[in-house]
Visitor: 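Could you have a look at this structure, given as structure tokens, before my questions?
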Amino acid sequence: MYQTDSSWGSYLPPRNVGDPLERIEWLASENAVVIFSISTCCMCHAVKRLFCGMGVNPTVHELDEDPRGKEMEKALMRLLGSSSAVPVVFIGGKLVGAMDRVMASHINGTLVPLLKEAGALWL
Amino acid sequence: MASHGVGETGLSDSGPSNHHLPYAAIHGINTPSTSFFNQEGSSFDFGELEEAVLQGVKIRSDEAKAPLFRPAATLEMFPPWPIRFQQTPRVGSSKSGGESSDSGSAVNTLSSKAEAQLDPESPISKKASSSDHQSFDQKHLQLQQHQQQIEMASDTSRTGGPSELNTSPAKPPQEKRKGSTSEKQLDAKTLRRLAQNREAARKSRLRKKAYVQQLESSRIKLTQLEQDLQRARQQGLFLGGCGGAGGNMSSGAAIFDMEYARWLEDDHRHMSELRTGLQAHLSDGDLRVIVDRYISHYDEIFRLKGVAAKSDVFHLITGMWSTPAERCFLWMGGFRPSELIKMLTSQLDPLTQQQLMGIYSLQHSSQQAEEALSQGLEQLQQSLIDTIATGPVIDGMQQMAVALGKLANLEGFVRQADNLRQQTLHQLRRILTVRQAARCFLVIGEYYGRLRALSSLWASLPRESLMGEENTCQATTDLQMVQPPQNHFSNI
């Protein structure tokens, strides 16, 4: 019973989740690599290029093109504890972080295994 | 001093200034005309004539230093100048702050005035000294003309006698300590004002003197600084930075340059530690301490650069803090990590297979990261160009505001680039053994040391024949400097 109720709920994701953070988490879990970005942000462009250069095809959510983008931006700022909300990267539904964390994980060799684990990279 | 004649402006207000010209100027006739000219007196006529009065006073005071309040200078009752000057005693007493009583003698109070003048402020002596270096011909002539006029005037009015003096326009007794007659107050006011002028002139002269002295010392200091800077530039101490920016360097940039210079000194120290540690074949534990210290040393410069990026990102991104040779290979405000690893791979032998793979994957990932950041920066540049180049000029300020906002993103890129460098060094430390890491950092340090030495050499090489021997000696010394590190390196 509980299983069927919850399974039904998991197939029809709530479209109008009140809490922006929940929406973020939900969006992040939808794909292997999810990037929250702003279309005019150059650092976001850099992180997109990084993944594309590695052969990864990330899902990008441009917050300035989302009607609820503003509040999601604020939620991200709170989540990261930084003044800039974007870019933020989720891999396999888990938060990796902003640009510095992504680069650090790439340099120390943890990014590629993470991508492979999430199914974003096949090599 | 300055209070002399403060309230006593009545005389000039009441009538033409000529009124007391006859009296005061007659003194001037007897005095040397060159020594009391000044160009700074508040009123030309009075300035000189005041001085004439003073000079007369001085001469008289030199001869007969009668003290204040003593009426007994009867000998002086008939001075060589016309009796007209009975007023001047009052002038003198008013000048000295009105301390004197109604002394009959012109000389007494004049001399007292002179004393009063000489002691506190000695304007006469100052006058004499300061006026020595001024040309007075024109004024001399003018004064002489005045004197002639006055003589004529006084001759005609002499017949009037003291009575005229005594019945000069009655002034309200503004001089508090003054006597009863209006004529005394008249002179008191005049003389007070004259004293004021004199005071102003004196102060103005002093200011000018002080200013000139200040200018002179500043000029000397400036030439010394320029020489020092030239010397330092030749030796490449602050390298391209100071020379290029000069006075236009921001404070953040200047601060960072100073901190970087200190960091370089520390770097030298750490390098010697590493070198001696390796040569002494220290235990791994001891060597690890030294290596970790070196890593923290690098962490420190990245932290400093982060602070500097907030205040002056252009200083960092243009590499004005580093040497010309380093600047040649500059990437986003510092070294390019993948290039550094490429340089290191040949020097780090022998490496295990795993280590080799680690190094190559590090090189690969840093290349990818560099590429991503470069593309991000390119997009920033493009967006900036779009903002500035296009659009109507009408909205210029708006455009500039938007462009400024975009420029602010530069700081983020420099920070990410430094972050990349820092992570690369840390990863190197992880991949290598302690001994290998020590050798690796020594190689890095020496590599950049040589780049810096190359910059100094290049800077000190004579470009024009003007430089001459001094620089060839410098170049030789620099070459010698470069030699030892190489020897050290080959021993390892």
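Chain identifiers are assigned alphabetically (A, B, ...) following the order of the sequence lines, protein sequences preceding nucleic acid strands; residue numbering begins at 1 within each chain.
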Visitor: Is it the case that atom CE in B/M343 sees more than 12 heavy atoms from other parts of the structure closer than 6.0 Å?
Guide: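 Yes - once you tally the heavy atoms of other residues, nucleotides and ligands closer than 6.0 Å, there are more than 12.
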
Visitor: Roughly how far, to the nearest 0.5 Å, is the OG atom of B/S365 from the CE atom of A/M54?
Guide: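 The OG atom of B/S365 is 8.5 Å from CE of A/M54, to the nearest 0.5 Å.
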
Visitor: Between B/Q427 and chain A, with a heavy-atom cut-off of 4.5 Å, which part of the residue counts as in contact: side chain, backbone, both or neither?
Guide: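 Contact with chain A: side chain only.
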
Visitor: Side chains of A/N108 and B/R430: does their closest heavy-atom pair fall under 4.5 Å?
Guide: yes

Visitor: Measuring from B/K406:NZ to A/C42:SG, what's the distance to the nearest 0.5 Å?
Guide: 7.5 Å

Visitor: Is the number of heavy atoms from other residues, nucleotides or ligands under 6.0 Å of A/R101 CZ greater than 12?
Guide: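 12 or below, so no.
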
Visitor: What residue, out of B/I431, B/N419, B/L362, has the most heavy-atom pairs lying under 4.5 Å from chain A?
Guide: B/N419

Visitor: Name the member of B/R415, B/Q382, B/H426, B/Q379 that forms the most heavy-atom pairs with chain A at distances under 4.5 Å.
Guide: B/Q379

Visitor: Let's go through B/Q368 and A/H106 carefully: what are the C-alpha distance in whole Å and the side-chain angles of both, what is the deciding distance for side-chain contact (heavy atoms from CB on, under 4.5 Å) to 0.1 Å, and is it a yes or a no?
Guide: CA-CA 9 Å; B/Q368 284 175 329; A/H106 191 34; 2.8 Å; yes

Visitor: Work out which heavy atom in B/L373 is nearest to a heavy atom in A/M103; give both atom names and the distance.
Guide: CD1-CE, 3.5 Å

Visitor: For B/D286, I'd like to know if atom CG has over 12 heavy atoms of other residues, nucleotides or ligands within 6.0 Å.
Guide: yes

Visitor: Pairing donors with acceptors under 3.5 angstrom, does anything connect the side chains of B/Q375 and A/H45?
Guide: no

Visitor: Does A/E65, at its CD atom, have more than 12 non-hydrogen atoms belonging to other residues, nucleotides or ligands within less than 6.0 Å?
Guide: yes

Visitor: At a 4.5 Å cut-off on heavy atoms, which part of A/C44 comes close to chain B: side chain, backbone, both, or neither?
Guide: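 Contact with chain B is absent: no heavy atom of A/C44 under 4.5 Å.
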
Visitor: Quick one: do B/S383 and A/T40 satisfy side-chain contact (heavy atoms from CB on, under 4.5 Å)? Show the steps, please.
Guide: CA-CA 8 Å; B/S383 146; A/T40 55; over 6 Å; no

Visitor: Is it the side chain or the backbone of B/S361 that comes within 4.5 Å of chain A heavy atoms, both, or neither?
Guide: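 Contact with chain A: none, neither part.
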
Visitor: If you count heavy-atom pairs under 4.5 Å with chain B, which of A/L50, A/I107, A/V47, A/V112 comes out on top?
Guide: A/I107

Visitor: Below 4.5 Å, heavy-atom pairs only: which of A/A104, A/G53, A/G109 has the largest tally toward chain B?
Guide: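 Going by pairs under 4.5 Å, I would pick A/A104.
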
